[in-house]
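Reviewing the structure listed below.
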Amino acid sequence: MAKRIRVKDIFSAETNHQYTVMGWVRTFRNNQFIALNDGSCLANLQVVVDLDKIDNETIKRITTGAGISITGLLIESQGKGQTVELVAETIEILGDCDPETYPIQLKNRPSLEYLREIAHLRFRTNAFSAISRVKQTLFYGIHKFFNDRHFVNVHSPIITGSDAEGAGEMFQVTTLDVNNPPRNEDGSINYKEDFFGKATNLTVSGQLQAELAALALGRVYTFGPTFRAEKSNTTRHLAEFWMMEPEVAFNDLHDNMDLAEDMLKFLIQYALDNCKEDLAFLEQRLIDDEKTKPQAERSEMTLTEKLKFCLAEPFERLTYTEAIEILKNSTPNKKGKFQFPIEKWGADLQSEHERYLVEKHFKKPVILTNYPADIKAFYMRQDDPKEGVAGPTVSAMDILFPGIGEIIGGSQREERLDKLLKRMEEMHIPAEEMSWFLDTRRYGTVPHAGFGLGFERLVLFVTGMTNIRDVIPFPRYPGNAEF
RNA sequence: GCCCCCUUAGCUCAGUCGGUUAGAGCGACGGACUGUUAAUCCGCAGGUCCCAGGUUCAAGUCCUGGAGGGGGCGCCA
């Protein structure tokens with residue numbers, strides 16, 4: 001066996017040398033040309049089968065999907081369409097693939113919906129492998145961005161004993177016999193007998209733990225799986241997803257916005273720089289897709305145009321109060337086109353309103369800030385009263401992207417113990433259970449801020465996909481935990 | 001949780017007003033092919049029209065219920 005090389009690397013390897021490549025057959029043309037893919041890149045290697053050297057039995061077993069090993073001479077391609085090709089000296093079939101039952105005949109153009117049903121095999125498609133590589137680039141880019149800025153990655157717990165995070169419904173974690181749990185005298189379940197000696201859940205956010213670390217290490221971020229037991233049935237929600245949450249001591253809301261905008265722009269640029277081939281493929285996929293749609297529904301920009309557009313200009317920053325004014329006076333609001341008309345300050349913005357602001361009014365990413373305190377979490381910093389603002393607000397920020405809505409939610413945190421305690425009482429958050437969290441405010445409290453990024457939502461945006469279930473290998477959502 | 005849409009060959013879909021034996025492309029299979037690029041050409045097979053009821057002389061087509069899938073909304077990242 002000659003030196004083994006990956007397809008990605010063979011394109012720049014020296015010709016007139018022997019190499020061994022291993023991969024899977026994508027197509028076999030003219031009884032002569034194998035398009036070989038090994039997942040290292042989007043492009044296939046053209047393998048030329050020399051009929052004098054390869055026996056008929058082997059050739060018959062070269063079917064779509066088969067795993068094969070080829071040793072041969074790399075030469076400049078004798079045909080158009082590729083620079084080099086490998087002339088096979090020997091071909092070993094590592095794993096046969098029965099074409100009669102193999103569900104991924106790529107020439108069939110299987111739909112994304114169909115591929116979701118065979119998620120265990122969809123890595124073998126160009127689209128899913130491209131998405132996987134872009135995702136890896138973004139994953140690495142996040143660590144690079146924060147490492148370059150001397151952030152410390154903190155592993156917040158996945159199992160949490162805190163049920164006061166307030167970020168949504170939680171999945172319970174227990175080793176108790178659910179059919180016959182130990183009970184207290186009053187009939188309630190006795191969690192003292194459970195594995196951890198108390199009721200526990202899967203985390204909905206690592207933020208509170210990130211705050212503990214930030215108030216000593218200065219700059220930290222968490223990045224890990226997050227679980228929400230909400231019965232959300234949309235193209236933007238998963239029950240299990242990855243969330244990245246930076247938290248920075250001494251940052252205020254404006255520092256927080258700057259960090260988030262810098263990070264998003266860095267990541268988009270990083271993907272553009274490092275995933276040219278995959279993004280070009282995904283872009284073409286979208287263009288082909290759009291051809292089937294009516295003219296009015298087609299997007300004005302291609303994928304890379306859209307990504308570059310996000311880099312070109314500063315995100316639009318405005319307060320909730322300013323947004324309400326824009327929405328109140330907007331044409332759809334006046335014409336009664338909104339399902340939820342904007343009447344007065346204090347209303348929560350629905351996605352139709354966010355979409356109007358991002359996609360129609362500003363036509364670029366928007367950062368909304370200083371939301372009414374009543375519609376935001378207890379830990380957000382309370383603003384000083386301001387003239388022209390109808391009620392109390394907090395230093396919150398939501399970053400809204402076209403097509404996906406909220407990609408980031410964050411805030412400056414309430415660092416003043418008295419104000420925080422008062423707010424917790426108003427919102428019925430049990431302070432006793434949160435004593436460990438409140439210690440940060442008792443001992444050397446300082447201003448700080450952070451945000452949460454839904455990783456799959458970022459991947460959605462960068463890949464131009466429209467359903468979040470297509471950017472995670474094995475999506476978990478209500479009624480589905482297959483594979 | 002609410003609203004709308006879809007389910008016909010392995011895949012993607014067509015199927016008119018309810019009317020004879022259910023249609024196409026691609027794939028698969030058989031064959032040809034030593035410069036192909038989703039190769040091409042010739043041939044051939046392939047159907048629980050999602051399921052259960054109902055209406056009708058007659059149901060892929062209409063009605064009711066159910067299942068599965070998709071989209072929108074809510075909740076959020």
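Protein chains get the first letters and strands the later ones, always in sequence-line order, with residue 1 at the start of each.
Of the two residues contacting RNA chain B, namely D348(A) and T64(A), the nearest-nucleotide position lying further toward the 5' end is that of T64(A).
In terms of polar N and O atoms assigned as donor or acceptor, the side chain of E85(A) comes within less than 3.5 Å of the base of rG35(B) in a complementary pairing. For rC13(B), the base has no donor-acceptor partner in the side chain of R109(A) [N/O atoms by modelled type, under 3.5 angstrom].
Summarising the base pairing, rG1(B) is matched to rC73(B) through a Watson-Crick or G-U wobble pair whose two defining distances lie under 3.5 Å. Across every strand in view, rU55(B) sits unpaired, with no contact that passes the Watson-Crick or G-U test at under 3.5 angstrom. Using Watson-Crick or G-U wobble geometry with both donor-acceptor distances under 3.5 Å, rC33(B) finds no partner in any strand shown. In this entry rA24(B) has rU12(B) as its Watson-Crick or G-U wobble partner, both defining distances falling under 3.5 Å. Pairing partner, rG68(B): rC6(B), with both Watson-Crick or wobble hydrogen-bond distances short of 3.5 Å. A 3.5 Å limit on both hydrogen-bonding distances identifies no Watson-Crick or G-U partner for rG60(B).
Residue S232(A) places its side chain closer to rG74(B) than to any other of rG74(B), rU34(B), rA38(B). Comparing rC29(B), rG10(B), rG1(B) by their closest approach to the side chain of N233(A) singles out rG1(B). Of the candidates rU34(B), rC26(B), rG70(B), rG70(B) carries the atom nearest the R469(A) side chain, counting heavy atoms from C-beta on. The side chain of L238(A) lies closest to rA77(B) when the candidates are rG35(B), rA77(B), rG74(B). Of the listed nucleotides (rG74(B), rG35(B), rG71(B)), rG35(B) has the atom at the smallest distance from the side chain of Q82(A). Across rA77(B), rC73(B), rA28(B), the shortest atom-to-atom separation from the side chain of R228(A) is found for rA77(B). If you check rU12(B), rC29(B), rG74(B) against the side chain of E100(A), the one that comes closest is rC29(B). The nucleotide whose nearest atom lies closest to any side-chain atom of Q105(A) is, among rU12(B), rG35(B), rA28(B), rA28(B). Taking only side-chain atoms of F33(A), from C-beta outward, the nucleotide of rA77(B), rG35(B), rC73(B) with the closest atom is rG35(B). Checking rG27(B), rA77(B), rG70(B) against every side-chain atom of K107(A), the shortest atom distance belongs to rG27(B).
Nucleotide rA38(B) holds its P atom 12 Å from the CD atom of Q284(A), rounded to whole Å. In this structure, E113(A) places its CD atom 6 Å from C1' of rG70(B), rounding to the nearest Å. In this structure, CG of N480(A) is placed 8 Å from P of rG70(B), rounded to the nearest angstrom. Following rounding to the nearest Å, R26(A) (CZ) and rU36(B) (P) show an atom-to-atom distance of 22 Å. Nucleotide rC50(B) holds its P atom 18 Å from the OH atom of Y114(A), rounded to whole Å. A straight line from CZ of F340(A) to P of rC75(B) spans 7 Å, rounded to a whole angstrom. In this structure, the CZ atom of R355(A) is 6 Å from the P atom of rC73(B), given to the nearest Å. The CD1 atom of I375(A) sits 9 Å away from the P atom of rC76(B) (whole-angstrom rounding).
Backbone-only engagement by I407(A) is indicated by non-hydrogen atom pairs under 4.0 Å involving sugar-phosphate atoms exclusively. Residue E245(A) is out of contact with every strand shown, counting any heavy-atom pair closer than 4.0 Å. As judged by a 4.0 angstrom heavy-atom cut-off over every strand, D98(A) is placed among residues making no nucleic acid contact. Among the atoms of the strands shown, base atoms are found under 4.0 Å from some heavy atom of S77(A). Within the 4.0 angstrom heavy-atom criterion, base atoms lie near T234(A). The residue E406(A) sits close only to the backbone: its heavy atoms come under 4.0 Å of sugar-phosphate atoms, none of a base. The residue N467(A) sits close only to the backbone: its heavy atoms come under 4.0 Å of sugar-phosphate atoms, none of a base. Residue Q350(A) is classed as a sugar-phosphate contact, given heavy-atom separations below 4.0 Å to backbone atoms only.
Formation of a donor-acceptor pair under 3.5 Å by the D255(A) side chain with backbone atoms of D252(A) is found in this model. The backbone N or O of Y140(A) sits nowhere less than 3.5 Å from a side-chain atom of H143(A) that would complete a donor-acceptor pair. Looking only at distances, no side-chain donor or acceptor of R355(A) sits under 3.5 Å from a matching main-chain atom of I404(A). A donor-acceptor contact shorter than 3.5 Å links the side chain of E414(A) to the backbone of Q382(A).
We find that the ring of F241(A) and the base of rA77(B) stack, their centres lying under 5.5 angstrom apart and their planes tilted less than 30°.
Between S351(A) and rG72(B), a side-chain N or O to OP1/OP2 separation shorter than 4.0 Å is absent. At rC41(B), none of the side-chain N or O atoms of R29(A) fall inside 4.0 Å of OP1 or OP2 (strictly under the cut-off). Phosphate proximity of rG72(B) to T235(A): present, with a side-chain N or O under 4.0 Å from OP1 or OP2.
No side-chain donor-acceptor contact under 3.5 Å links Y379(A) and E211(A). A donor and an acceptor atom, one from each side chain of S395(A) and D383(A), are located under 3.5 Å apart. For the 3.5 Å distance criterion, the side chains of R149(A) and Y221(A) fail to qualify, holding no donor opposite an acceptor.
With C1' as the reference atom, rG19(B) and rC2(B) are 40 Å apart, rounded to whole Å. Comparing rG69(B) with rU34(B), their P atoms are spaced 48 Å from each other, to the whole Å.
Cation-pi check for R317(A) over F315(A) is not met; the charged atom does not lie both under 6.0 angstrom from the ring centroid and within 45 degrees of its normal. Remark: K135(A) fails to qualify as a cation-pi partner of F455(A) under the 6.0 Å distance and 45° angle criteria applied to the six-membered ring.
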